[in-house]
Engineer: 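Please see the structure below; I have some questions.
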Amino acid sequence: LAVAASAFVTKERESVCVNTRAHETAAHPRPKEPMKEVLRIGCTCFFFGIEALVHYNIGKTGSAIPTVLPPAWELFLIVISIIICSLCTEFTASWLDSAVKSARPSAAKKVE
């Protein structure tokens, strides 16, 4: 009897979870998480910036340790290119994520 009750409760929870997910995606889609996207863009900019400084120093001094900063105009151009590439990366990743999610069958269809 305990096993049957446990199976019923588990099955009921699964159907509630599936129905909740189906309701969220169909009637009320989850809101975008802009803070998550901003953090990903910021992290990408940070690491691309370190990489750019390493490459700049390899070209100028032959050493991979960033010891020399570029002149102001070159640094400005590097920062602008890093921001543009980070935004392109984030938009592409978001687009691919939504394309993959829309290509997958929904959880509600799998249960039925």
Engineer: Do the non-hydrogen side-chain atoms of I50 and P66 ever get within less than 4.5 Å of each other?
Structural biologist: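 Result no, sub-4.5 Å side-chain heavy-atom pair not found.
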Engineer: Could you check N57, I58, I65 and say which one makes a side chain to side chain contact (heavy atoms under 4.5 Å, CB included) with T61?
Structural biologist: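 Only one option passes, and that is N57.
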Engineer: Do L77 and L69 sit in the same hydrophobic cluster, where Ile, Leu, Val, Met, Phe, Trp and Tyr count as joined when their side-chain heavy atoms come under 4.5 Å apart?
Structural biologist: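 No; L69 is not reachable from L77 via cluster members.
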Engineer: In Å and rounded to the nearest 0.5 Å, what is the CD to CZ distance from E51 to F46?
Structural biologist: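 Reported to 0.5 Å precision, the distance equals 12.5 Å.
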Engineer: Roughly how far, to the nearest 0.5 Å, is OG of S86 from CD1 of I84?
Structural biologist: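 Output value for this atom pair is 10.0 Å.
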Engineer: What are the two closest heavy atoms between P70 and I78, and how far apart are they?
Structural biologist: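 Here P70 and I78 meet closest at CG-CD1, 4.0 Å.
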Engineer: Got a second to check how far K36's NZ is from I41's CD1, nearest 0.5 Å?
Structural biologist: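 The CD1 atom of I41 is 13.0 Å from NZ of K36, to the nearest 0.5 Å.
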Engineer: Under 4.5 Å between side-chain heavy atoms, counting indirect links through other Ile/Leu/Val/Met/Phe/Trp/Tyr residues: same cluster for I82 and Y56 or not?
Structural biologist: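 As far as the 4.5 Å side-chain criterion goes, Y56 and I82 are not connected within one cluster.
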Engineer: Give a yes or no on whether the backbone of F91 and the side-chain of S94 come within a donor-acceptor separation of less than 3.5 Å.
Structural biologist: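 Between the backbone of F91 and the side chain of S94 there is no qualifying donor-acceptor contact (under 3.5 Å).
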Engineer: Indicate if W73 and V79 have the same hydrophobic cluster label, given that clusters are the connected sets of ILVMFWY residues with side-chain heavy-atom separations under 4.5 angstrom.
Structural biologist: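 No.
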Engineer: Can you measure from CD (E90) to SG (C43) and round to the nearest 0.5 angstrom?
Structural biologist: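 SG of C43 is found 10.5 Å from CD of E90.
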Engineer: Report the distance from atom OG1 of T44 to atom CD1 of I83, rounding to the nearest 0.5 Å.
Structural biologist: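 Between T44 OG1 and I83 CD1, I get 12.0 Å after rounding to 0.5 Å.
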